[in-house]
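Worksheet for the structure shown next.
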Amino acid sequence: MKRIHLSGYVGDEINSYEVKRMLDEAKGDAIEVHLNTVGGSVREGIAIYDLFDKYDGEKSLMMGGLVASIGSYIATAFPKVTAQDITVYMIHNAHDYVYGDQHVLETEAKNLGKLSAHIADRLARFTGKKVEDVAKLMDEETWLYGKDILDAGFATDYHETGKAATGASNVLDIEKLKYHERLKSVAVFRGGTLPKEEEEIMDIKEFMEKAKGFIQSGEFKFENAVELFGAKDQLITEKQRETLNALGDDDPKVLREKAEAAEKAALASQLTDAFGAEGVLRSYAEGCVDRGMKIEDIQKDPVAMALAAKRADGATQIIDHPAGDDTKDADDGDTIVVSY
């Protein structure tokens with residue numbers, strides 16, 4: 001059995017291109033998908049569902065620590081869905097961030113309504129519930145923890161890890177706060193606006209009030225406070241975090257210079273691997289990079305392909321001229337004239 005691990009934001013870390021690649025590699029063998037996601041793009045989630053739904057091999061899904069939003073839709077592609085005692089599960093109506101006049105907003109509202117109705121229908125088919133009952137749960141933004149997911153019909157099996165936290169309501173309260181902090185961060189990042197009542201930052205008094213139950217129970221630790229404020233989710237990936245940690249505690253200006261130098265060195269290394277350390281092909285590739293082309297695109301470029309073929313024949317000079325220039329293209333074995 002092949003195990004496929006999907007973790008992250010649907011439409012970014014989890015995307016239909018990568019899922020298709022992994023399913024192609026599985027070649028019809030039995031697969032067990034481990035899913036952990038905050039949700040993401042509805043349309044991309046539906047595309048991923050369709051890929052799993054059409055996969056001919058035996059398939060099952062294991063829910064990780066969080067399966068939320070469009071992640072719940074993806075899970076319904078599997079005949080066997082296992083919730084764990086540590087799993088947090090959430091369903092709600094489709095969301096989007098919109099800019100425009102009343103006509104744009106009205107159209108978007110209708111589209112969101114259709115998407116939500118489609119999701120409710122899919123979840124109803126999986127659980128055996130009435131569509132209107134699922135729609136009501138989505139309206140209320142329903143959060144479930146552990147065995148409650150199985151009991152509500154959103155899973156077919158249940159697994160005890162022995163690591164579940166005591167007090168499901170505490171766990172869900174933290175997850176809700178973290179989830180909506182992420183949504184607000186994404187809204188700001190994408191240029192959206194926040195409702196006025198959510199613009200104010202939580203002050204220490206409000207925080208202590210929200211955290212009081214956790215503190216009294218002894219379950220609330222400092223790292224929970226960091227997560228509650230969303231400090232671990234500042235639109236930065238683990239890879240970026242590792243890179244920053246490796247740079248040390250230098251002055252920000254020095255860090256920027258180091259980062260820029262590292263990027264240049266990495267690019268130079270990639271160019272060397274793809275086009276050689278020097279010569280006509282390398283010069284042409286560097287010119288393409290200056291014009292904004294990616295290495296993978298340069299490798300497919302007809303001129304680059306021709307230069308690669310000519311490199312062994314002794315071409316030693318390259319002349320660039322804009323497309324439409326009257327200069328004739330020439331290829332005399334020593335000089336290659338290139339239009340762009």
Side-chain angles (χ1 to χ4, degrees), residues 3-23 31-53 55 59-78 80-97 115-116 118-120 122-123 126-127 137-138 141-146 148-150 152 154-157 159 161 171-172 174-187 189-190 227 230 232-241:
R3 286 186 172 83
I4 295 175
H5 293 268
L6 300 178
S7 180
Y9 191 86
V10 175
D12 189 359
E13 294 93 349
I14 303 174
N15 60 76
S16 55
Y17 176 83
E18 282 298 314
V19 169
K20 184 180 184 305
R21 181 187 63 78
M22 289 186 281
L23 292 181
I31 59 171
E32 181 181 73
V33 176
H34 290 240
L35 179 63
N36 189 71
T37 180
V38 69
S41 166
V42 172
R43 292 168 179 82
E44 186 72 356
I46 292 173
I48 292 169
Y49 160 87
D50 190 55
L51 288 169
F52 282 126
D53 183 56
Y55 184 70
K59 55 200 171 189
S60 62
L61 181 132
M62 176 72 72
M63 293 185 182
L66 176 64
V67 175
S69 192
I70 198 62
S72 64
Y73 186 100
I74 293 172
T76 65
F78 299 82
K80 179 181 178 182
V81 177
T82 301
Q84 302 187 72
D85 55 351
I86 58 169
T87 301
V88 174
Y89 180 90
M90 185 271 278
I91 59 173
H92 65 170
N93 291 324
H95 287 58
D96 204 352
Y97 306 95
L115 284 174
S116 294
H118 175 72
I119 294 169
R122 176 89 284 280
L123 292 173
F126 179 83
T127 61
L137 293 174
M138 291 170 59
E141 188 182 277
T142 298
W143 292 77
L144 301 169
Y145 184 55
D148 289 343
I149 304 167
L150 175 69
F154 295 105
T156 62
D157 293 84
H159 174 66
T161 67
V171 173
L172 293 179
I174 289 178
E175 285 298 330
K176 289 176 189 177
L177 284 168
K178 287 167 58 180
Y179 182 83
H180 287 287
E181 284 300 315
R182 290 189 193 105
L183 284 186
K184 287 190 285 184
S185 296
V186 172
F189 181 72
R190 294 185 58 176
E227 291 186 358
K232 287 188 176 181
D233 298 291
Q234 298 297 318
L235 298 174
I236 183 170
T237 66
E238 282 302 315
K239 186 175 181 181
Q240 290 169 328
R241 193 186 307 281

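Below, each value reflects all heavy atoms present in this structure, side chains not excepted, and no hydrogens, waters or symmetry copies.
- Here the side chains of Ile74 and Val67 are not in contact, with every heavy-atom distance at 4.5 Å or above.
- The two residues Ala155 and Leu150 come nearest to each other via the heavy atoms O-CD1, 3.3 Å.
- Nearest heavy atoms, Ser41 versus Gly11: CB-CA, 4.5 Å.
- Side-chain contact between Ile91 and Phe154 is present, with at least one heavy-atom pair separated by less than 4.5 Å.
- In this structure, Ile4 CD1 and Lys59 NZ are separated by 11.5 Å, a value rounded to the nearest 0.5 Å.
- The shortest distance between side-chain heavy atoms of Ile14 and Leu35 falls below 4.5 Å.
- Between the side chain of Ser116 and the backbone N or O of Asn93 there is no donor-acceptor pair closer than 3.5 Å.
- A distance of 5.5 Å separates CZ of Phe126 from OG1 of Thr156, quoted to the nearest 0.5 Å.
- A donor-acceptor distance shorter than 3.5 angstrom exists from the side chain of Gln84 to the backbone of Met63, with no hydrogens or angles considered.
- Counted within 6.0 Å of CZ on Arg21, heavy atoms from surrounding residues, nucleotides or ligands total more than 12; the atom is thus considered enclosed.
- Two residues are said to be in side-chain contact when any heavy atoms from C-beta on lie closer than 4.5 Å; Met22 and Ile31 fail this criterion.
- By the 4.5 Å heavy-atom criterion applied to side chains, Ile46 and Ile119 are not counted as neighbours.
- Thr87 contributes atom OG1, which lies 9.0 Å from atom CG of Leu66 (distance to the nearest 0.5 angstrom).
- Taking CZ of Arg3 as the reference point, atom CD of Glu32 lies at 5.0 Å (rounded to 0.5 Å).
- The side chain to side chain donor-acceptor pair (under 3.5 Å) search around Lys80 returns none, not counting sequence neighbours.
- Here the straight-line distance linking atom CD1 of Ile149 with atom CG of Asp85 works out to 10.0 Å at 0.5 Å rounding.
- Residues satisfying the side chain to side chain donor-acceptor pair (under 3.5 Å) test with Glu44, not counting sequence neighbours, are Ser16.
- Looking only at side-chain heavy atoms (C-beta outward), Leu6 and Val19 come within less than 4.5 Å of each other.
- Sorted by first and then second residue, the pairs that involve residues 65-77 and meet side chain to side chain donor-acceptor pair (under 3.5 Å), not counting sequence neighbours, are Ser69-His92, Tyr73-His118, Thr76-Arg122.
- Here the OG1 atom belonging to Thr82 is positioned 8.0 Å from the CG atom belonging to Leu61, to the nearest 0.5 angstrom.
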